[in-house]
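Accompanying notes for the structure given below.
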2 protein chains.
Amino acid sequence: MRIAVDMDEVIADTMAGILEWFRREYGYQLTPELMAGRPLTDLIPEEHLQRLEEVLREGSFFADLPVMKGSQRVMQELAERHEVFIATAAMEYPGSFAAKFQWLAKRFPFIPPSHIVFCGDKSILSADYLIDDNDRHFRRFRGQGVLFTASHNLNVTGYPRVNGWVEVRRMFLKGLS
Amino acid sequence: MRIAVDMDEVIADTMAGILEWFRREYGYQLTPELMAGRPLTDLIPEEHLQRLEEVLREGSFFADLPVMKGSQRVMQELAERHEVFIATAAMEYPGSFAAKFQWLAKRFPFIPPSHIVFCGDKSILSADYLIDDNDRHFRRFRGQGVLFTASHNLNVTGYPRVNGWVEVRRMFLKGLS
């Protein structure tokens with residue numbers, strides 16, 4: 001079985017990285033709980049969002065993101081039993097390619113480079129499952145989309161949902177101790 | 001219909017770029033005709049091949065490659081009638097991501113960034129056709145591989161073959177003037 005796994009907000013805690021950046025840069029004390037179901041535009045002025053956008057475009061921001069809790073352990077287990085690919089829509093930030101590649105090599109060394117995919121439109125993926133926080137990628141995907149819960153997708157329905165990596169493990173490795 | 005198209009030696013004339021680099025760097029007068037069916041290792045000493053490898057790893061080499069003859073015109077026609085993706089196995093040279101992306105934006109601006117894929121194992125692609133000079137990518141690909149002739153694949157059989165972009169046009173756009 002082949003499982004494709006998204007990067008930002010699935011194995012990389014991009015939102016934690018962004019909130020930490022806003023804290024360091026402007027002193028905002030934002031928490032994931034406060035953000036639940038709210039877009040950043042609700043709470044942060046346009047000018048500061050633009051500055052974030054510049055930082056994301058430059059790219060090295062992605063080299064230091066925290067790892068999503070539980071993802072390393074469960075991904076390793078998944079990779080022992082299934083064919084696991086990482087698929088990230090890095091085309092929005094071409095400057096992030098190198099940083100993302102380095103991050104993966106360091107945090108997920110058991111995923112070979114040949115199993116990393118940078119793409120824009122994930123309908124190009126040939127896989128049985130795609131674990132992603134963004135349901136737009138599921139619409140034309142030929143396999144089964146699995147929605148990984150993030151603050152921006154709490155109201156999305158129509159796909160099996162996993163709340164974190166314990167639930168990913170349960171879905172794909174059930175029956176194992 | 002969805003057609004995935006490789007980059008090096010299909011739309012980018014990587015071999016011409018490499019031969020030109022050897023001419024500039026070491027004065028070798030190598031032509032594509034001389035190279036036909038021969039690996040570079042037959043003609044070039046190990047030390048100079050290693051230097052090339054370093055240059056390829058650094059990556060900016062890929063920003064200046066010549067365009068494969070006829071590819072821009074035919075790709076544009078293909079993209080008007082089919083869903084065309086560029087799929088390049090850039091994982092061997094992660095330093096080349098940015099240069100390749102820029103090259104594509106400049107030479108093939110009609111291909112949107114969302115239709116660019118950087119991957120290692122092309123069996124991850126969900127497409128009806130894959131035009132590539134490397135038959136190893138066809139083995140697990142679920143669509144139909146189409147071999148684009150290059151000096152290193154002259155003896156490969158088992159796949160439909162195209163000798164250049166006039167023949168690609170004939171295969172995918174026949175019946176059009």
Side-chain angles (χ1 to χ4, degrees), chain A residues 1-7 57-60 62-63 79 82-106 111-130 134 136-145, chain B residues 1-7 57-60 62-63 79 82-106 111-130 134 136-145:
Chain A
M1 186 160 79
R2 181 180 281 177
I3 306 168
V5 181
D6 177 37
M7 208 166 156
R57 275 188 199 286
E58 188 274 323
S60 56
F62 292 92
H82 301 295
E83 204 181 9
V84 176
F85 279 69
I86 309 268
T88 178
M91 295 306 150
E92 293 156 43
Y93 300 114
S96 71
F97 294 160
K100 287 187 164 220
F101 194 80
Q102 284 162 23
W103 188 92
L104 285 169
K106 196 166 156 187
I111 302 289
S114 63
H115 284 197
I116 299 172
V117 185
F118 290 163
C119 59
D121 177 349
K122 291 190 186 173
S123 77
I124 192 66
L125 300 174
S126 171
D128 302 298
Y129 293 91
L130 169 60
N134 221 317
R136 79 180 156 95
H137 292 303
F138 299 155
R139 281 169 215 151
R140 295 172 64 222
F141 175 62
R142 292 186 196 179
Q144 173 64 57
Chain B
M1 185 160 77
R2 180 180 282 177
I3 306 168
V5 180
D6 178 36
M7 208 166 157
R57 275 187 198 288
E58 189 275 323
S60 57
F62 293 92
H82 301 295
E83 204 182 6
V84 176
F85 280 69
I86 309 268
T88 178
M91 295 306 150
E92 293 157 44
Y93 301 113
S96 71
F97 295 159
K100 285 185 167 225
F101 194 80
Q102 284 162 24
W103 188 91
L104 285 169
K106 194 165 158 189
I111 302 289
S114 63
H115 283 197
I116 299 172
V117 185
F118 289 163
C119 59
D121 177 349
K122 291 189 187 174
S123 75
I124 193 65
L125 300 172
S126 172
D128 301 298
Y129 292 91
L130 168 60
N134 222 317
R136 78 181 157 96
H137 291 304
F138 299 155
R139 282 170 214 149
R140 295 173 64 221
F141 176 62
R142 291 187 195 179
Q144 174 66 56

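Values reported hereafter were calculated over all heavy atoms of this structure, with side chains retained and with hydrogens, waters and symmetry mates removed. Letters A, B, ... mirror the listed sequences (proteins, then strands); counts begin at 1.
Ranked by non-hydrogen atom pairs under 4.5 Å with chain A, the options B:G95, B:S123, B:A127 are led by B:S123.
Distance check, rounded to the nearest 0.5 Å: OG of B:S126 to CG of A:D121 gives 10.0 Å. With rounding to the nearest 0.5 angstrom, the CG atom of B:L125 is 9.5 Å from the SG atom of A:C119.
Using a 4.5 Å cut-off between heavy atoms, B:E83 contacts chain A through its side chain alone, with no backbone atom that close. For A:F85, the part lying under 4.5 angstrom from a heavy atom of chain B is the side chain only. When heavy atoms are compared at a cutoff of 4.5 Å, B:F101 approaches chain A solely by way of its side chain, counted from C-beta outward.
Annotation for B:I116 and A:M91: closest pair O-CE, 3.5 Å, computed over non-hydrogen atoms. When all heavy atoms of B:I124 and A:R2 are compared, the pair lying nearest together is CA-NH1, 3.3 Å.
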* To do: Show your working on side chain to side chain contact (heavy atoms under 4.5 Å, CB included) between B:E92 and A:S114 and close with a plain yes or no.
  => CA-CA 8 Å; B:E92 293 157 44; A:S114 63; over 6 Å; no
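Taking the six-membered ring for Trp and thresholds of 30 and 60 degrees, B:F97 and A:F118 have ring planes more than 60 degrees apart, a perpendicular arrangement.
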